[in-house]
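First the proteins, then the strands, lettered A, B, ... as listed; each starts at 1.
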Amino acid sequence: MTMKFFGFVAVVVVGILLLAATGDFPEWGDPHSPASEGQVSSFYIERTVNETKVPNMVTAVLADFRGYDTMFETVVIFIAGIGIIAVLRNFGDGAAHVPDPPEPDEGSDLIVRSTCRLVVPLIQLFALYVVAHGHHSPGGGFQGGVMLGASYILLALACGLPAAKRRMGERKAITLAASGIIIYAGWGVACMFCGGNFLDYASLDPLLPGDKAMARSHSMLVVEIGVAFTVTAIMFAIYSNLSTRGRLEKGL
Amino acid sequence: MEFLAAGFIEDHIVPKFNYWIYVILMMIGLYAMITKNNLIKKLIGMAVFQTAIILFYVSIGVKEESGIPILSHGQHHAIVDEGRPSEEVITKEKFANPLPHVLMLTAIVVGVSTLGLALAITQRIYISFNTLEEDEILDQLRRGGHD
Amino acid sequence: MIWQFDIIILVFMVVAAIIALRVKDLLGATLVFGIYSFLICLLWAEMGAVDVAFTEAAVGAGVSTVIMIATVFATARRSRD
Amino acid sequence: MLEESYLPLITWMVSLLAVPAIMLLRKNPNAREGATFVAAFAKFALVLAMLPAVMAGGVLRFSFGEILPGIPLEFRVDGLGMLFALVASSLWILTTLYAVGYMRGLKEHDQTRFFACFAVSISATIGVAFAGNLFTLYLFYEMLSLSTYPLVTHHGDKAARSGGRTYLSHLLGTSVAFVLPAMIYCWVKSGGDMSFTDGGFLAGKIGAGDGLIVLLAFTLGFAKSGLMPFHSWLPNAMVAPTPVSALLHAVAVVKVGVFCILRVFTGVFGIDTLKDLDITTVVTYIAGFTVITSSLIALTQDNLKRRLAFSTIGQLAYIILGVSFLSANGITGSAMHIAMHAFGKITLFFCAGAIFMATGKKYVSQMVGIGRQMPVTMTAFLLGSLSIIGLPPFGGAWSKWYLFLGALDADQMFMAVILVISSLLNIAYLLPVAVNALFRKPPADSEGIAISGIREAPAACVIPLSITAVAGFVIFLFPDLVFDLAQLLIANG
Amino acid sequence: MTEHYPVLILLVPLFGALLATLLGSERQVACWFTALIALGGSSILAIGNICALLASAEGELRYRMGGWNENSGYEVGIELRIDMLAALVVAAVVIVGFINTIFAKTRVTGEMREKAAFFYALNQLLIVGLCGIVMTNDAFNLYVLIEITSLTSYALIAMGNRRAALSSFNYIIMGTIGASFYLLGVGYLYIKTGTLNIDDIHTVLQSGNLWGDTSITIAFILIMLGLWTKMALFPLHGWLPNAYSYAPGVVGSFMAPLMTKVMVYVMLRIMLWLFGGEYIYSSGLVWGELVIWMSIIAIVAGSFLALARTDIKKMLTYLIVAEVGYMVGGAWLANGAGLAGSMYHILSDAAMTFCLFLAAAIVILRTGDHRLTAFNGLFRSMPLTMIGFTVGGLSMIGLPPTCGFFSKWYLISGGIEAGHWSYVAALLFSSLVNAVIFFRIFERAYFGNLKGVADEQLPDDGDCAPLLTLERVPFSMLIPLFIAGASVLLVGIYNNTLVSWLKAAMPPL
């Protein structure tokens with residue numbers, strides 16, 4: 001009870017503090033607030049397309065201007081994945097390495113299974129489109145990767161975890177996740193070899209078709225693919241561990 | 001009357017409404033994190049807490065009469081292919097500020113990673129204590145005689 | 001941005017958050033939290049943050065709800081608060 | 001006058017180098033003690049080697065380089081330091097000889113550890129004697145506290161532990177709580193220079209108010225000097241083996257305490273500054289109080305070593321008293337008393353240990369008539385007592401005389417009276433021991449004392465104590481060396 | 001090549017971590033070797049980085065990610081900024097990580113068999129995150145990296161026993177609150193200034209003279225609250241002791257020295273470079289006092305709580321709480337000596353905490369007892385380990401020539417200059433309490449009977465007790481301990497050089 005009371009007091013105090021701050025914020029949606037007027041945001045809006053030839057500013061800023069952030073963001077996901085395995089995974093005397101029995105659980109009933117067999121490929125196709133088309137439309141590595149992962153999760157829900165694991169085993173998942181980051185960071189290192197700074201895609205100009213801006217555009221696609229790899233694998237790994245208390249045997 | 005009400009709302013409520021709501025949501029989440037006894041509830045509170053901050057950031061990026069921060073095909077074509085200088089094609093009032101969006105993409109991902117890890121640890125706790133209520137766990141530990 | 005939508009969705013969000021935290025059944029709470037995520041997703045779209053909305057839809061409403069449900073199934077479903 | 005030299009470093013290092021040798025030779029006691037002796041003699045020889053230069057008024061300097069901004073870790077050998085180093089290194093030889101006899105006689109355990117810590121502590125003492133600035137002084141002061149802890153608690157029984165606890169808690173506690181902040185305050189005030197210069201590095205940089213606080217912090221903080229109220233570690237440390245008590249209470253530890261205070265008076269503040277600020281009266285009164293009180297307590301003690309301990313407290317208070325007069329004679333007296341008291345008191349402790357070894361007796365009341373069994377020892381005890389009391393023809397007379405003059409110069413009549421009274425008290429608590437032992441029959445019921453026949457302690461113990469006893473007499477005849485070194489201090493300070 | 005050092009320091013362990021996961025736990029030794037090579041390499045790079053910095057004229061290195069914008073006045077990309085302070089802290093981080101990896105070899109096989117690969121990966125990723133935090137010059141990037149370190153530490157701690165899982169959960173709650181407050185504060189700054197680069201925020205705040213705004217003040221409060229939660233300043237320290245003491249031994253031994261110190265570094269960075277001394281210390285007059293009092297309370301409370309503990313690691317963790325108080329107080333004293341003191345204390349405290357935790361880990365491992373009774377008679381049975389522990393302990397007490405003495409020296413002189421006698425008194429008090437704590441232990445170790453060995457069974461003359469036969473500790477554990485102990489002394493002896501470098505890095509107050 002006292003805990004509740006102190007919690008309430010603390011919350012009220014902080015709340016008043018924050019509400020006090022809202023007083024001198026610029027109005028919501030004010031186009032002339034420093035954040036919107038600021039050189040940085042105007043630079044992004046006006047110059048992005050010249051610098052990178054990418055119409056979707058968010059993708060450009062995400063994958064190029066703040067690509068360093070995004071790399072670590074991918075690392076965060078990776079950490080979450082291997083962290084969950086490290087914490088929860090329970091290798092019952094090496095049971096992880098023995099091949100799973102053919103059909104320990106057959107998942108749900110026939111209709112669901114066949115429907116999902118029908119749907120999953122479409123989802124994956126659309127996910128790939130999202131990854132590839134992130135330059136011109138909403139989407140990109142994360143969204144696409146999550147959708148790819150979700151397709152495997154759907155498979156696991158409908159046809160049972162083993163069915164999904166046959167397509168995306170644990171080992172494979174970890175490898176995929178790691179290779180995703182390797183693609184991302186490796187691409188950045190490649191830029192260093194071509195004489196630029198880390199992640200300076202423009203310096204890859206000689207290797208890629210088109211001018212510097214196009215080099216940036218292409219590189220963004222590469223790193224988005226890397227992100228997609230990691231996200232796909234980790235999302236499924238997270239689900240498969242959490243749904244089985246880390247035993248990876250019988251799912252939901 | 002409605003017009004008056006509408007006008008009143010538009011003039012006095014709207015400009016700060018998002019900021020108020022984000023504070024409220026944040027406090028809801030914080031209160032849950034501090035005082036809830038069930039671990040899953042704590043985590044839901046945590047998620048609410050984080051989305052509140054995301055709401056704040058996205059609200060920064062909004063501009064009246066602005067669209068999504070993606071060039072239309074025409075604009076893109078005009079600049080890239082016809083090589084017209086971007087300043088005359090793009091009026092920056094027409095585009096929402098992309099930076100907060102980018103930041104929030106990162107924040108969302110961080111949030112889900114934290115949530116996943118926390119859920120895994122919750123399951124660890126459940127496996128060893130067979131309950132999710134904090135007080136019961138502490139009771140078990142006291143009886144277990146840990147200091 | 002249309003401020004009417006904005007206000008309505010925000011109010012709903014607050015309501016959803018409170019419900020999610022008050023429901024005793026954890027599965028119910030998780031589902032309400034899913035609804036909350038969808039509301040946010042709508043809100044982002046309404047504010048012109050399409051990428052954020054997309055991500056929220058996939059990550060927040062999709063994956064995090066699923067893993068929460070998975071956890072609830074793997075652990076206890078009832079909660080005392 | 002300031003000349004760079006490696007001699008101070010080597011002198012300091014000698015006994016440290018002895019430590020690994022002692023460790024390695026732990027299987028072979030003779031070789032081990034041999035190493036100790038070699039180190040002891042080498043150290044004494046090196047100190048003597050430096051003597052002429054210092055007597056000529058020079059200062060030998062060695063610097064390890066700057067440790068803190070503006071503060072090098074450096075040795076400076078001047079008159080006061082040389083005086084102290086002479087006393088310490090010469091007495092170390094005798095103490096080692098005595099210790100060998102004592103430890104073997106009683107078949108003590110862990111002798112290797114004992115001699116190793118012994119060597120470290122003597123090297124720390126030399127470090128204090130040669131310290132060129134306040135930081136170096138503090139460094140070796142702490143080093144000494146730590147290295148003597150294993151010696152004090154050598155027996156490892158309950159009493160030893162509690163004694164050791166009191167020892168460390170007093171010495172470390174006071175030094176951290178008082179000396180450290182005072183030292184840093186000086187550093188801040190003096191703008192980063194802390195080397196003991198003539199006339200003190202704080203001269204003209206500090207006011208009366210904070211000056212008084214800093215002075216008190218130093219005087220009480222260097223609790224090794226046994227000044228009340230932080231004296232209680234000294235009697236409690238008596239649980240140590242007697243050679244340790246001898247070294248602690250006659251030579252190393254307590255003398256380091258008073259030496260530090262002398263340094264503070266002369267090197268940190270400078271006598272003239274103190275005169276201008278006129279803040280030493282408090283110290284004078286604390287010291288005077290300590291002199292009287294400790295003597296009175298000593299009267300009541302039946303355990304010989306405890307009685308000697310309280311006598312030590314009183315004698316140290318003399319030294320602080322003398323310097324607090326701020327008069328040339330007073331300071332000379334203090335400096336000389338360091339040496340004189342050292343010889344006298346070490347004799348007494350050696351005797352106490354010898355008695356304990358020969359008869360196993362600790363209490364004064366048991367020692368009636370013991371002189372017939374151990375005439376040499378008790379004679380030495382008598383001489384030592386006379387020297388401590390300050391009766392001619394013994395060294396103590398000189399220093400007490402100068403202290404008395406110092407009190408008169410500072411026209412502190414009251415303190416002069418106190419000096420006289422306390423000398424009388426010294427007579428009261430020291431002389432009876434020797435007299436009863438020598439000139440009275442042992443009571444019939446006293447077991448353990450041979451009525452007839454002589455059973456002295458082993459020669460290794462008797463020789464050193466006779467030497468020190470005679471030395472007390474010799475110094476009376478030839479006090480020039482001590483006197484001149486003390487005069488150097490006046491000349492510079 | 002030299003200009004790439006900063007980013008390489010990060011990338012080498014990053015790839016090392018990925019390689020470790022790819023190798024998998026079956027090839028444990030290979031994983032260990034990978035971690036060793038990676039962290040060793042980045043240690044060398046970090047030292048090279050210091051040299052490069054000493055060579056450079058303007059005393060700081062900047063590295064722009066993606067090569068954006070060398071010309072115009074504002075940063076659109078993310079840049080790294082390394083001054084001497086940052087370079088030193090980075091070096092400390094990677095070197096501690098490297099040494100701890102040597103230490104970990106034998107323990108990992110014992111504590112986490114199938115998960116070795118993940119341990120080594122997370123271990124290196126934590127180092128990556130810490131280095132990134134120290135070097136980045138972008139407020140939001142700082143948040144991402146803080147989250148990286150937090151996530152890795154949650155996972156690493158939860159790898160321990162069941163208590164560990166629970167304390168890790170509490171850590172998640174507190175850590176998320178802290179990080180989110182920081183993120184919110186950055187948001188406030190962004191809404192007022194429109195940029196995220198730390199230096200640019202500072203210039204905008206100055207040019208626009210935004211100091212007065214409530215939102216800036218509240219942003220400052222929020223950021224400080226967040227960081228204090230992460231660094232466990234006293235009232236917000238609840239999560240730390242359990243988390244660090246129940247974590248697996250190898251984890252605690254390098255998380256305890258690094259995490260809180262790096263957070264203190266971040267606080268200094270925000271205070272001096274983002275807001276700037278003129279703001280902190282002018283408007284801070286009122287609540288600068290407040291913070292110093294908070295730190296005093298932290299020091300006193302931490303010392304007392306440590307005194308009350310019978311569990312070795314718990315005691316050490318509460319000592320960390322007190323040490324955090326030292327640094328926060330020193331940072332708010334508003335004078336050069338205090339700042340230098342708290343900067344220097346970051347390094348020295350890292351050294352001595354590392355030394356103590358390594359020794360404690362060895363003792364607990366060998367005696368199988370996690371209470372202070374474990375130390376009984378260890379000077380006889382494990383002299384080498386006890387030498388290491390003694391050095392660390394003396395440094396905690398603050399005896400020369402260990403580094404603890406010198407950091408106390410600078411902090412106290414700062415307190416004296418600022419006239420904060422209460423702070424000085426708190427420092428002295430805590431060193432007295434530490435003296436009690438550690439000499440209690442030394443006494444046990446010096447006199448106490450060995451577990452199960454009565455006095456008479458011991459060789460009567462300890463001289464003949466062969467020194468090393470009793471000490472059955474693998475060298476892969478003793479060597480790290482000795483390196484740590486040596487570093488305690490070296491950091492102390494070279495304090496003059498270090499402090500002069502740090503003073504050079506300090507912005508004018």
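Contact between Tyr44(A) and Pro98(B) at its shortest, heavy atoms only, is CB-CG, 3.9 Å. For Asn97(B) against Ser41(A), the heavy-atom pair with the smallest separation is OD1-CB, 3.3 Å. Between Val58(A) and Pro69(B), the shortest heavy-atom contact is CG2-CG, 3.6 Å. Contact between Ser137(A) and Ile70(B) at its shortest, heavy atoms only, is C-CD1, 4.1 Å. Here the closest heavy-atom approach between residue Gly7(A) and residue Thr35(B) is recorded as CA-CG2, 4.1 Å. Residues Ala96(B) and Ile45(A) share a closest heavy-atom pair of O-CD1, 4.1 Å.
Contact check for Leu105(B) versus Gln143(A): side-chain heavy atoms found under the 4.5 Å cut-off. With contacts defined as side-chain heavy-atom distances shorter than 4.5 Å, the pair Thr22(A)/Trp20(B) qualifies. No side-chain heavy atom of Ile79(A) sits under 4.5 Å from any side-chain heavy atom of Ser113(B). In this structure, the side chains of Leu18(A) and Met27(B) come closer than 4.5 Å at one or more pairs of heavy atoms.
Heavy atoms closer than 4.5 Å to chain B are found in the side chain of Phe142(A), but not in its backbone. Proximity to chain A (any heavy atom under 4.5 Å) is shown, for Leu119(B), by both the backbone and the side chain. Looking at Arg245(A), both its backbone and its side chain come within 4.5 Å of chain B, counting heavy atoms on both sides. Of the two parts of Met33(B), neither the backbone nor the side chain holds a non-hydrogen atom closer than 4.5 Å to a non-hydrogen atom of chain A. Heavy atoms closer than 4.5 Å to chain B are found nowhere in Thr59(A), neither backbone nor side chain. Only the side chain of Val40(A) comes within less than 4.5 Å of a heavy atom of chain B; its backbone N, CA, C and O stay farther away. Heavy atoms of Leu103(B) lying under 4.5 Å from chain A belong exclusively to its side chain. Contact annotation for Pro26(A): only backbone heavy atoms (N, CA, C, O) come within less than 4.5 Å of a heavy atom of chain B. Interface remark: Ile60(B) contributes backbone and side-chain atoms alike to the contact with chain A (heavy atom separation under 4.5 Å).
Contacts with chain A were tallied for Asn18(B), Leu117(B), Ile34(B), Leu99(B); Asn18(B) has the most, counting heavy-atom pairs under 4.5 Å. When each of Ile24(B), Ile79(B), Ile28(B), Val102(B) is checked for heavy-atom pairs under 4.5 Å with chain A, Val102(B) comes out on top.
To the nearest 0.5 Å, the span separating NZ on Lys4(A) from NZ on Lys36(B) amounts to 6.5 Å. Put simply, CD on Gln123(B) and OG on Ser243(A) are 8.5 Å apart, with the number rounded to the nearest 0.5 Å.
Using cut-offs of 30° and 60° for the angle between ring planes, the His136(A) and His76(B) rings count as perpendicular.
Residue Tyr57(B) qualifies as enclosed at atom OH: its count of foreign heavy atoms under 6.0 Å is above 12.
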> Given the rule in the side-chain contact (heavy atoms from CB on, under 4.5 Å) test, do Thr106(B) and Arg66(A) qualify, once you have shown the distances and angles that lead to the verdict?
Replying inline: CA-CA 11 Å; Thr106(B) 314; Arg66(A) 300 190 68 87; over 6 Å; no
